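Right, one structure below, let's go through it.
In this text the structure is predicted, and so the values were computed from the model without any measurement.
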Amino acid sequence: MANPVATGKMAAGPRANTQPAVLYKLIFFTVLMAVVPIATYFGSLRWKGSTTYAAISAVLAANVILVGYVVVAFREDGGPTPPLVSKKKQ
């Protein structure tokens with residue numbers, strides 16, 4: 001039995017049926033994770049003046065974005081997957 005890693009079957013590249021919407025969602029949530037917590041930190045620092053309150057609000061904003069990404073990922077419709085067909089020579 002051949003090792004799939006040694007034969008290069010696992011590193012064949014991305015599948016042809018990968019949807020571009022998945023990549024767009026990932027980029028969207030990545031930008032949100034970079035911008036929203038920092039903006040929340042400095043916004044609440046200017047509003048309240050307390051660094052502790054600003055840090056807690058930034059952490060909460062990051063967690064809300066993370067939970068939102070997980071919810072969107074679970075609700076994503078992958079569609080029915082076709083059954084695997086084995087190619088056995090007889």
Side-chain angles (χ1 to χ4, degrees):
M1 186 159 116
N3 186 357
V5 176
T7 58
K9 292 181 181 177
M10 292 186 76
R15 295 183 299 187
N17 64 353
T18 304
Q19 300 172 352
V22 174
L23 181 62
Y24 296 144
K25 289 176 192 174
L26 179 64
I27 291 172
F28 174 72
F29 280 101
T30 302
V31 169
L32 283 180
M33 280 296 291
V35 172
V36 171
I38 295 171
T40 303
Y41 176 81
F42 285 112
S44 59
L45 183 64
R46 176 174 276 197
W47 181 56
K48 280 286 200 180
S50 171
T51 56
T52 304
Y53 180 78
I56 290 171
S57 62
V59 167
L60 288 176
N63 283 318
V64 166
I65 294 169
L66 183 63
V67 167
Y69 177 73
V70 170
V71 167
V72 168
F74 274 115
R75 293 185 59 150
E76 185 174 281
D77 183 22
T81 56
L84 295 175
V85 178
S86 61
K87 297 179 182 178
K88 293 183 179 180
K89 293 183 180 179
Q90 293 179 347

Please list every donor-acceptor pair under 3.5 Å in which a side-chain atom of residues 27-35 meets a protein atom from a residue at least two apart or in another chain.
from  : atom 1 : to    : atom 2 : distance (Å)
Thr30 : OG1    : Leu26 : O      : 2.6

**Asked** Do any pairs count as a salt bridge (Lys or Arg N to Asp or Glu O under 4.0 Å) and have a residue in residues 19-33, sequence neighbours left out, and if so which ones?
**Response** Lys25-Glu76
**Item:** Selection residues 27-49 - residue pairs positive for salt bridge (Lys or Arg N to Asp or Glu O under 4.0 Å), sequence neighbours left out
**Value:** none
Result block: side-chain N/O donor-acceptor pairs under 3.5 angstrom for residues 52-61, not counting sequence neighbours:
from  : atom 1 : to    : atom 2 : distance (Å)
Ser57 : OG     : Ser44 : OG     : 2.9
Ser57 : OG     : Tyr53 : O      : 3.2
Ser57 : OG     : Ala54 : O      : 2.8

**Asked** Which hydrophobic side chains are connected to Tyr41, either touching it within the sub-4.5 Å cutoff or through other members that do?
**Response** Ile38, Phe42, Leu45
**Prompt:** With sequence neighbours left out, what residues match Val71 under side-chain contact (heavy atoms from CB on, under 4.5 Å)?
**Reply:** Val67, Arg75
